Amino acid sequence: MEQFHATTIFAIRHNGKAAMAGDGQVTFGNAVVMKHTAKKVRRLFQGRVLAGFAGSVADAFTLFEMFEGKLEEFNGNLPRAAVELAKEWRSDKVLRRLEAMLIVMDDRHLLLISGTGEVIEPDDDILAIGSGGNYALAAGRALKQYAGEQLSAKEIAKAALEIAANICVYTNEHIIVEEL
């Protein structure tokens with residue numbers, strides 16, 4: 001059975017700011033682009049948390065809702081909400097089948113959440129997921145290291161996605177960037 005997939009998300013904390021970027025492409029199977037302007041980055045918890053997904057769109061929306069519920073339950077405590085979502089996602093028979101990954105961030109934390117129970121906080125304040133994730137990650141690390149103070153978190157996030165879009169066939173240039 002063919003599936004819809006959504007691809008590249010990039011997030012960075014840099015110079016006291018946080019930004020997350022996502023492309024707009026949704027691909028059906030491996031051959032057909034079904035949508036160019038999907039919004040894969042969302043503001044949650046009264047606009048104080050950013051969340052982005054890669055993977056199955058329907059699964060990601062389920063996870064967004066669950067994660068926002070955990071944020072409400074734990075009064076915006078991002079690490080605690082992430083751990084509780086990962087525990088539930090891994091242990092529930094139905095949820096275990098969800099095919100998506102999330103990057104979540106607030107003004108202090110940046111986390112990757114997966115269905116295998118992983119909650120990972122990167123050492124360098126940069127994360128990327130999806131089919132173009134490694135391209136965006138490499139570009140973002142280079143931009144952060146060599147452009148340093150000259151570029152903002154938002155500018156690095158946008159540029160990293162633009163570079164990934166030039167390389168990855170599952171990533172397009174309809175980029176949405178959110179900043180905290």
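Just so you know, these numbers come straight off a predicted model, no measurement behind them.
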If you look at every heavy atom in [X] and [Y], which pair is closest and at what distance?
| X | Y | answer |
| --- | --- | --- |
| D106 | A18 | O-CB, 4.1 Å |
| A21 | I175 | CB-CG2, 4.1 Å |
| L110 | E121 | O-CG, 3.3 Å |

Out of D23, N166, T8, which one pairs with T171 under the side chain to side chain donor-acceptor pair (under 3.5 Å) rule?
-> T8
Kindly state each residue pair satisfying ring-ring contact (aromatic ring centres under 6.0 Å, His included) with at least one member in residues 63-82, sequence neighbours excluded.
-> F53-F64
Start with the C-alpha distance between L112 and M101, add both sets of side-chain angles, then the distance that settles side chain to side chain contact (heavy atoms under 4.5 Å, CB included), and finish with yes or no.
-> CA-CA 7 Å; L112 169 75; M101 293 181 81; 3.6 Å; yes
Does R42 come within less than 4.0 Å of E68, counting only side-chain N to carboxylate O?
-> no
If you measure from the Lys or Arg side-chain nitrogens to the Asp or Glu carboxylate oxygens, is any gap between K87 and E84 under 4.0 Å?
-> yes
D125/H14 under side chain to side chain contact (heavy atoms under 4.5 Å, CB included): CA gap, chis, key distance, verdict | CA-CA 7 Å; D125 285 329; H14 179 65; over 6 Å; no
Would you indicate whether the side-chain heavy atoms of [Y] and [X] approach each other to under 4.5 Å?
| X | Y | value |
| --- | --- | --- |
| L127 | M105 | no |
| L85 | L102 | yes |
| K17 | K154 | no |

Quick one: salt bridge (charged side-chain N to carboxylate O under 4.0 Å, His left out) partners of D107, sequence neighbours excluded?
-> none
Would L137 end up clustered with V177 when hydrophobic side chains under 4.5 Å apart are linked, directly or stepwise?
-> yes
CD/Q150: more than 12 non-hydrogen atoms of other groups inside 6.0 Å = no
Is the backbone of G24 close enough, under 3.5 Å, to the side chain of N172 for a donor and an acceptor to pair up by distance?
-> yes
